[in-house]
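Here the structure is laid out as structure tokens; the discussion comes afterwards.
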Amino acid sequence: LSVKRPAPVLPLVTVQRASATPLYRQLREGYRAAIVERRLRPGQRLPSTRALAAELGISRIPVLQAFQQLLAEGYFESRVGAGTFVASALPQDARAGSGTGTPEPTRPGRRPVSRRSGLLPPPRVAPWLAGAGAFRMNETALEHFPFATWGRLVSRHARHPRRDQLAYGDPMGSLPFREALASYLRSARGVRCEAEQVMVVSGSQQALELTSRVLLEPGSAVWVEEPGYGGARDVLTMAGARLVPVPVDGEGLDVQAGAALFDRVRAVYVTPSHQYPLGMTMTASRRLQLLDWARRRGAWVIEDDYDSEYRYGSQPVASLQGLDRDARVVYIGTFSKVLFPALRVGYVVLPPDLVPRFAAVREAMDICPPALYQAALTDFLGDGHFARHVRKMRELYGGRRAALADALAHGLGGAPELLGDEAGLHLTLALPRGGDRQVAMRAAARGLLAMPLSSCYLGPATRQGLVLGFGGTPLDSIVPAVQRLSPLLAR
Ligand SMILES: Cc1ncc(COP(=O)(O)O)c(C=O)c1O
């Protein structure tokens with residue numbers, strides 16, 4: 001089946017009027033070469049002879065002659081009422097030249113690349129994560145997202161943009177959006193901030209990248225939670241940081257253990273509201289201990305608060321940033337869990353003295369965030385849609401979480417050990433007998449997407465289990481999915 005491609009705006013072929021070769025021959029040769037070299041592909045629409053003659057500044061007669069010949073030779077085909085196209089079945093000589101059309105290295109030689117681009121293996125999807133299925137992480141209940149409202153806001157700003165929304169903007173983001181964010185973070189997350197400290201980014205991932213560029217040197221040591229979030233580890237690895245995995249216990253990152261392992265670190269990356277992936281909330285005393293250590297050590301604290309809008313049963317916990325008395329915390333948040341990940345909108349709250357550096361680095365990276373979603377989100381927050389959505393989803397996810405916990409208790413008999421089910425969109429089912437990767441592989445074969453806990457360790461895994469996302473798994477799919485999972489756990 002040939003893919004329809006739109007007509008090119010400019011002709012791919014040029015003609016030289018002074019040449020001894022007639023114009024129609026130049027055109028015919030030019031198109032033939034473009035097809036053989038696969039610059040033009042089967043099914044691609046060609047400009048009208050009138051438009052092409054006008055573009056080239058020549059009479060229409062040689063263009064008509066060239067097109068007639070290319071049609072007769074089978075390079076072009078015309079479809080009644082639709083126009084002229086590159087033939088979907090090309091003559092033999094044109095097919096012989098088929099390749100990708102992309103040049104390949106012709107001989108061995110120097111092709112130097114950066115060392116840092118080789119620090120990470122090429123992206124690959126872990127075998128247990130291939131395909132779709134119940135318990136997939138990072139999925140939200142999209143069927144409950146208010147698309148009509150959202151669409152109205154986006155379309156309003158797309159159709160009637162203010163002039164300044166079409167130009168390059170502030171590298172920190174649009175001020176009205178940052179004001180809305182600051183107000184939300186102060187009241188709902190206990191973050192101590194003004195709009196001037198808030199930078200809009202394309203998700204936590206960009207926030208981490210920026211933070212690494214501003215705070216770290218190649219070789220800087222950074223504490224990361226063990227087990228922990230691979231997305232953050234990848235950014236730090238790319239920055240050339242030396243990662244020091246620090247165990248987490250029931251209270252969160254074990255500061256004393258970290259200090260005993262390696263104390264001279266530049267920064268620490270933590271998920272205190274809902275540790276990723278084990279899900280405990282860092283206790284108040286541990287928070288104070290961490291901040292105190294950071295102050296004495298002169299280390300930065302990178303707080304990733306990725307899903308704490310969703311807490312079930314227990315009181316909301318304020319951010320670590322809110323307890324900080326030494327402006328040491330870089331606070332990162334995202335709309336990936338509260339709205340949807342493809343939005344790619346997040347934010348960083350910066351210590352005031354770091355603002356100019358972050359702004360300069362950001363400007364060099366991608367200048368400023370895109371204006372359209374910032375404008376729509378400003379209204380989404382300001383008009384109360386966001387708060388309404390979060391309230392509604394908290395209830396919905398609470399129901400899914402309870403259903404999953406019940407189904408696991410029922411399906412596995414007794415009281416399975418569930419970790420981190422107080423908040424967020426996932427919980428971890430401990431597997432005291434181990435074998436989590438094998439279980440995850442077998443679950444994948446049954447259309448389930450369980451992430452093995454051991455895959456979240458940088459060093460040897462000291463615990464095994466299955467990390468189960470419930471955000472994107474509808475209530476009525478939970479029991480059947482657990483019924484498919486249970487026999488795998490009994491083995
Ligand atoms: C610990 C953690 N941080 C951040 C994110 C979100 O990243 P982003 O905002 O780049 O979508 C996730 C998503 O899974 C996460 O698990």
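All values derive from a computational prediction rather than experimental measurement. As the structure lists them, so they are numbered: ligands from 1, and atoms in each ligand from 1. All residue numbers refer to positions in the sequence shown, counting from 1.
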Test applied, ring-ring contact (aromatic ring centres under 6.0 Å, His included); reference residue, F335; option that passes from F340, Y184, Y347, F145: Y347

For ligand 1, the portion of S204 having any non-hydrogen atom under 4.0 Å away: both

Distance filter under 4.0 Å to S336 heavy atoms, resulting ligand 1 atoms: 8 (P), 9 (O), 11 (O)

Atom indices of ligand 1 within 4.0 angstrom of G203 heavy atoms, with elements: 9 (O), 10 (O)

Between Y310 and Y397, how do the two ring planes meet: parallel, tilted or perpendicular, split at 30° and 60°? perpendicular

Is any N or O atom of T271, backbone or side chain, closer than 3.5 Å to an N or O atom of ligand 1? no

Contact (N/O only, under 3.5 Å) between Y276 and ligand 1: no

What I want to check is whether the side chains of Q197 and Y331 have a donor and an acceptor closer together than 3.5 Å. no

Counting from 1 in the order shown, the ligand 1 atoms closer than 4.0 Å to a non-hydrogen atom of T334 are 8 (P), 9 (O)

Less than 4.0 Å is my threshold; does some heavy atom of R344 fall inside it relative to ligand 1? yes

What is the ring orientation for H426 with Y306, classed by angle as parallel under 30°, tilted 30 to 60°, or perpendicular over 60°? parallel

Relative to the heavy atoms of Q205, which atoms of ligand 1 are at a distance of less than 4.0 Å? 10 (O)

Under 4.0 Å to a heavy atom of D304 - the qualifying atoms of ligand 1, by number: 1 (C), 2 (C), 3 (N), 4 (C)

Within-cut-off N or O pair, Y269 and ligand 1, under 3.5 Å: no

Polar contact flag, side-chain donor to acceptor under 3.5 angstrom, Q321-D305: no

Return the closest protein heavy atom for atom 5 (C) of ligand 1 as residue, atom name and distance. Y229 OH, 3.6 Å

With a 3.5 Å cut-off and no angle check, do the side chains of T281 and R311 form a donor-acceptor pair? yes

Pair R437-S454, side-chain donor/acceptor within less than 3.5 Å: yes

Any heavy atom of K337 under 4.0 Å from ligand 1? The part involved is side chain

Describe, in one word, how the ring planes of F380 and W150 are oriented to each other, choosing from parallel (under 30°), tilted (30 to 60°) and perpendicular (over 60°). perpendicular

What atoms of ligand 1 come within less than 4.0 Å of a heavy atom belonging to N138? 13 (C), 14 (O)

Donor on one side chain, acceptor on other, Q206 and R362, under 3.5 Å: yes

